[in-house]
Structure formats: C-alpha cells, structure tokens
Amino acid sequence: MTDWQIFHYNTVGSTNDTAKEYSQTATDSFVITADKQTAGRGRRGRSWVSLDGNLFFSVGLKFELKNLGRLVLLSSLSLLQTIKSLNLNADVKLKWPNDVLLNGAKVSGMLLEKGAGDFMVVGIGVNIKHSPDSAQMLYKTTSLHAAGIETSKENFLNLFLQKLSENLDLQQQNGADFVRLKWLEYAKGLNEEIVVCQENIKSKGIFTGIDENAALLLNTDQGLTKILVGDVFYMSDKDE
Ligand code: BTN
C-alpha cells in the first residue's frame, strides 16, 4: 500500500504547479490539495472552473513516462470506483481519455503532467457540491450533490487514495492489461459510433477499444486508427 503524504493549502494557482514544484525535492508519493485555485488548468489548454466546495488535488508519484497511459487508466478507474463505493447504484461511466461521467454528465476531470525526475503529477478536480453551468462548457456537467451523493472533500480524497493504492498493487500483481480490461468494462460508447475532435481534425468511426498505452482505437472508413489526444463526442448524446 502506498503511504501518501498530504499537504493542504488554502489557495494556490494550480495544485498541479505546486505539485510539480514540490516534486523537485520529494522522495516519496505525495498529495497537494487546496480549497481554492486561482488558475486551475484543464486538458488541451482549457481552464478548470474551481468552484467553492469542490475538490482540487494533485497526486505526485514515481511512474515511468513511457507508461503514462496506464496511469491515466488507473487514476480514472480509481475515481469511478470511489464514486461507486459511495453509492453502489450510481450510474457512472468512463469517457476516454480520463473523464468520469455520472448520469451521463462530467463530474470530474484529470490533467496529467510530468513532474521533476521520475515523478508524474495527476491533477484531479471533482465536482463535490457544484458544477459549472453546462451551457458554458464543451460537455454537460454535474456534481455528486446534484446526483444525491453527499460526501466531504476529505472523505472523497481518502477513499480515492485507498482505491488508487489498491489498483497500483493489483497492476503489479496482475499486469497492466488487467487495468485496461477493467477500464473497458466501464467505458461509455464502446462499439458505438463516436466523433473524436483533434486540433483541426474531426474523425468519425466505431470506438473499438484502447491499446496498452491507452490510445483510443477508432475504426473509420480509412481503417483502424490510434488516437492519442482528443475530445470524444457520442452520437447517442446528439438528440438530447
Ligand atoms: C479536464 O477535464 O480538462 C482536466 C481538469 C483537471 C482539473 C484539476 S483541478 C486540480 C488540478 N489542478 C489543475 O490546475 N488542474 C487539475
């Protein structure tokens, strides 16, 4: 089991930046949390709206850069399992690459960045109490509270760190494919038609799976393509 050292701040720019700074002198796994972020960052250059009462934290741990994809899968699976542990019947799904959907809407986001030396930084935002207005966002959003799941930030973080430790151990024992297969059990839209938006390209195809590096496998008219970075849109969401 990993022993996490937790450092809490009232206000930071971004917990990822504080974690990257701390990783320069860290020797073991650690966690940075903050009540407020003044410059929360999201994927693909977007910002992360850091509403009061929500959870913002960054985990620093040693992980080989070449296995980054596995860390994405481990972390998002652990988040989903944390929500399930609070409500076994919660309708939770994983959206490639690393979002968790609750009742079909985004409840958390994750930003992985390289820290100093061997450290990787996994920054996570969880909508515990509030969610940003869906109309202003690329996707529908929700919070645990809106779905009737009441918990504190502290409780959620502790449950998550426990799940992450368990999954890191399971991966050691059973190999990386164990996590990939588990992730796919909860993937939204598997074997369905999706659209993936990359920088200037929109690709439509059947979402057939993910590979060992967590790349999305999309079966398009041009054949099977591997996608490393992008935003997924489900055709099934179109009419809502
Ligand atoms: C996304 O879905 O675009 C990723 C959002 C990641 C947000 C979290 S909040 C804690 C950590 N600090 C940041 O600045 N970003 C991540």
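Remember, it's 1-based here, ligands and their atoms both numbered in the order they're listed.
- A donor-acceptor pair shorter than 3.5 Å can be found between the side chains of S58 and T15.
- Here's the thing with R43: one of its N/O atoms is less than 3.5 angstrom from an N/O atom of ligand 1.
- No side-chain donor-acceptor contact under 3.5 Å links T2 to the backbone of S165.
- Between Y9 and D35, the side chains place no donor N or O within less than 3.5 Å of an acceptor N or O (distance only, hydrogens not considered).
- Of the charged side-chain nitrogens involved, at least one lies within less than 4.0 Å of a carboxylate oxygen, so that E199 and R44 count as a salt-bridged pair.
- Residue R46 places every heavy atom at 4.0 Å or more from ligand 1.
- Remark: ligand 1 and W48 share no N or O pair separated by less than 3.5 Å (distance only, no angle test).
- Residue contacts with ligand 1, taken as heavy atom pairs separated by less than 4.0 Å, do not involve D17 at all.
- Both V59 and L73 are members of a single hydrophobic cluster when ILVMFWY side chains are connected at heavy-atom separations under 4.5 Å.
- Ranking the protein heavy atoms by distance from atom 15 (N) of ligand 1 puts R41 O, 2.7 Å first.
- At a threshold of 4.0 Å, the pair R41-E113 counts as salt-bridged, since one of the basic side-chain nitrogens sits closer than that to a carboxylate oxygen.
- Residue-to-ligand polar distances keep S58 apart from ligand 1: every N/O pair is separated by 3.5 Å or more.
- Under a 4.0 angstrom heavy-atom cut-off, R44 registers as lying outside contact with ligand 1.
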